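These numbers were taken from a predicted model, which means no experiment stands behind them. Note that ligands are numbered from 1 as they come in the structure, with each ligand's atoms numbered from 1 the same way. Throughout, residue positions are numbered sequentially from 1 according to the sequence presented.
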Amino acid sequence: MIQVITAKEVDLIEVIKLADIIWPKTFEAILSKEQIKYMMKMMYDLKKLKHQFHNEGHVFLIVKEGSKSLGFCVYQLDCQEKGKTKIHKIYLLPEAQGKGLGKKLIHEVIVNARKNDSNLIYLNVNINNTKAIVAYKAMGFEETKREVIDIGNGFVMDDIVMEMNLKKSSLENK
Ligand SMILES: CC(C)(COP(=O)(O)OP(=O)(O)OC[C@H]1O[C@@H](n2cnc3c(N)ncnc32)[C@H](O)[C@@H]1OP(=O)(O)O)[C@@H](O)C(=O)NCCC(=O)NCCS
């Protein structure tokens, strides 16, 4: 049975294990090996994840089939602005992609965002991550702007910001 759980601190190790598999595969044709290594270290350091979990309001969801974890999603209510929910991370194992699980995770984010009176969900996606962009568009996200973010060490993130207006959204009906 597929279920989405809200992770506890102890589950953050599981998130790192999933990222170790999914991240290099997702970005092998988009980013250099050096940038992947640098970003993984920056984003999936256990101490940093624990800080986000306890002090920055990051909510970690894990989608599971039985006891096997298939992917995760991290979101933050009222991110930077009241009423705006940011999806910081959403990653599924390659064999779990394209089966409706991304939609299931985002649906869970929508339900919680609505409970918190959020009217908008947004995320950043790499400009060359075409598969994800297509999936987000199918779910009702729209491109709003482009951002080039300097992440240090000579690397940049070349991103599209996409958002879903929850007043108009009907992912629940899709
Ligand atoms: C991006 C991602 C989270 C999407 O989740 P998913 O489970 O694969 O997508 P779903 O099966 O829920 O599909 C959602 C919608 O997108 C469509 N879709 C998904 N992948 C698609 C593709 N490659 N081409 C065309 N449409 C696609 C589906 O048909 C569906 O639309 P529908 O409801 O109209 O049928 C997932 O593929 C993933 O983890 N990818 C690798 C990591 C990654 O790139 N993460 C994003 C970082 S920003």
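- Residue Val134 touches ligand 1 through its side chain alone, judged by heavy-atom distances below 4.0 Å.
- Note that CG of Asn112 and OG1 of Thr6 are 7.0 Å apart. Values are rounded to the nearest 0.5 Å.
- In this structure, a donor-acceptor pair under 3.5 Å is present between the side chains of Glu9 and His54.
- Close contacts of ligand 1 with Ala138, meaning ligand atoms under 4.0 Å from a residue heavy atom, involve 15 (C), 16 (O), 17 (C), 31 (O).
- Considering Ala135, Gly100, Ala19, Ala132 only, the shortest heavy-atom separation from atom 19 (C) of ligand 1 involves Ala135.
- Contact annotation: Asn126 has no heavy atom less than 4.0 Å from any atom of ligand 1.
- Atom OG of Ser118 is separated from atom NZ of Lys167 by 10.5 Å, given to the nearest 0.5 angstrom.
- When only interatomic distances are considered, the shortest N/O to N/O separation between Asn129 and ligand 1 falls below 3.5 Å.
- Considering backbone and side-chain atoms together, Gly98 places an N or O closer than 3.5 Å to an N or O of ligand 1.
- Figure legend: Lys89 and Tyr44 shown as a cation-pi pair, the cationic atom lying under 6.0 angstrom from the six-membered ring centre and within 45 degrees of its axis.
- Asp150 places a side-chain N or O within donor-acceptor distance of the main-chain N or O of Gly152, the cut-off being under 3.5 Å.
- Numbered from 1 in the order shown, with element, the atoms of ligand 1 that lie under 4.0 Å from a heavy atom of Asn124 read 48 (S).
- The main-chain N or O of Ile2 is never found under 3.5 Å from a side-chain atom of Lys64 such that the two would form a donor-acceptor pair.
- Residue Lys99 places at least one N or O, backbone or side chain, under 3.5 Å from an N or O of ligand 1.
- The distance criterion of under 3.5 Å between nitrogen or oxygen atoms is not met by Val125 with respect to ligand 1.
- Taking a cut-off of under 4.0 Å to the non-hydrogen atoms of Thr26, the atoms of ligand 1 that pass are 41 (C), 42 (C), 43 (C), 44 (O).
- Of all the heavy atoms of Leu92, the ones lying under 4.0 Å from any atom of ligand 1 are found in both the backbone and the side chain.
- Distances from atom 42 (C) of ligand 1 to the heavy atoms of Tyr136, Trp23, Tyr91 show the closest one on Tyr91.
- Here the CD-CD1 distance, from Glu143 to Ile133, works out to 7.5 Å after rounding to the nearest 0.5 Å.
- Taking only non-hydrogen atoms, the option from Lys104, Met162, Lys103 nearest to atom 12 (O) of ligand 1 is Lys103.
- For NZ of Lys82, the number of neighbouring non-hydrogen atoms (other residues, nucleotides, ligands) closer than 6.0 Å is greater than 12.
- Looking at Gly102 next to ligand 1, an N or O pair under 3.5 Å apart turns up.
- Between the CG atom of Asn124 and the CD1 atom of Ile160 there is a distance of 10.0 Å, given to the nearest 0.5 Å.
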